[in-house]
Amino acid sequence: MVHNFNAGPSILPKCVFEEASQAVLNYNQSGLSILEIGHRTPTFQAIMDEARALLKELMKLDDDHEVLFLHGGASTQFMQIPMNLLDEKDAAAYTDTGVWSIKAIKEAKLFGKVEVVCSGKDNNYTAIPKDFAVPNDAKYFHITTNNTIYGSQWQKIPVTSNVMIADMSSDILSREMDFNAFGLIYAGAQKNIGAAGVNVVIVNKNILGKTKRAIPTIMDYRNHVKEGSMLNTPPVFAVYVCMLTLRWLKEQGGVAAIEKINNQKAALLYKEIDDNPLFKGTIAVEDRSKMNVCFIMNDPALEEPFLAFSKQRGINGIKGHRLSGGFRASLYNALPLSSVEYLVQTMKEFASLQ
Ligand SMILES: *Cc1c(COP(=O)(O)O)cnc(C)c1O
């Protein structure tokens, strides 16, 4: 058995893999594969409607908030957001918590002014910035709620009077939050919602239509809202896998229930990192991510042997991001507690052999 700690694309529930593979062969006994049905058929319309409804329900979204399933990954949102919301004369406020936020900042600068209100750069992104102010007139305020590469996470979302925008690619649906407080939330599906190839965007429709810029049809959120994410052919299979994963999450008891398990998983692994003399956490304790747990070894010469030891024991995907080195264990919703227990056991056993 393989325990999969990949950062993304990442583990999904086993029942989702089983049902999706069956659907590729024969969707709902229709004699047709999910891959060969038209997106405007009642069959696919029902899938899209259910995926949207489940997300609204799980996130407790109000009627102002629309759910979109779009192409292009979270990276397309880096540019689509300022294109829709920022005029050239205006400024937007961004927090800099590492690679993904830097990419978002770079794209926003193509459309308007950007004020970086805080940065974790001075401490190599090992902590979430504290004590900063956001100008009232900033058109919006952007944060990256979980920093996948470093393993840092905003434990408390800073609430401002601006339109709030969040890249939640690596922690959406992992913890309870007032999602209605946001003007726009976006997330590539491949970390915590489903298969790669689709991007979830949740937008408060009241923030749209306020810029003077002419927006290309396919980039204008209003068109996607109007067409129910069917302006053009949606990523049919990826939306289907999202729907299955959302069904699974609902069966688990929803976001509150999965948050409890996520807390348990993270607490267990961080405890071992802190207690085991071989290992060391890399992020300020109060800012540690519950989704991506990053750590190193006190003796760097032991990192390769530990990686080989864990690989041999069926542990997959714990090598750290190429920018940060060390290790990263991603504990997304679908990763069972038993896999974390197994990793902890492996760390103990490796230590006992030294
Ligand atoms: C993975 C990730 C992205 C990039 O997502 P793509 O779908 O590959 O464009 C952006 N932001 C965060 C926080 C991520 O973890």
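Atoms within each ligand, like the ligands themselves, are counted from 1 in listed order. Positions are given from 1 along the sequence.
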Q: If I take atom CE from residue M168 and atom NZ from residue K191, how far apart are they, to the nearest 0.5 angstrom?
A: 14.5 Å

Q: Run through ligand 1 for me and note each protein residue having a heavy atom under 4.0 Å from it, chain first, then residue number.
A: G73, A74, S75, F78, W100, T144, N146, T148, D167, S169, S170, Q190, K191

Q: For residues F141 and F182, establish whether the separation of their ring centroids is below 6.0 Å.
A: no

Q: Can you see whether K260 engages N263 through a side-chain donor-acceptor pair at a distance of less than 3.5 angstrom?
A: no

Q: Can you find a pair of side-chain heavy atoms, one from E50 and one from L54, that are under 4.5 Å apart?
A: yes

Q: Will you find, in the side chains of N147 and T97, an N or O donor that is under 3.5 Å from an N or O acceptor?
A: yes

Q: Under 6.0 Å between ring centres: does that hold for Y27 and Y240?
A: yes

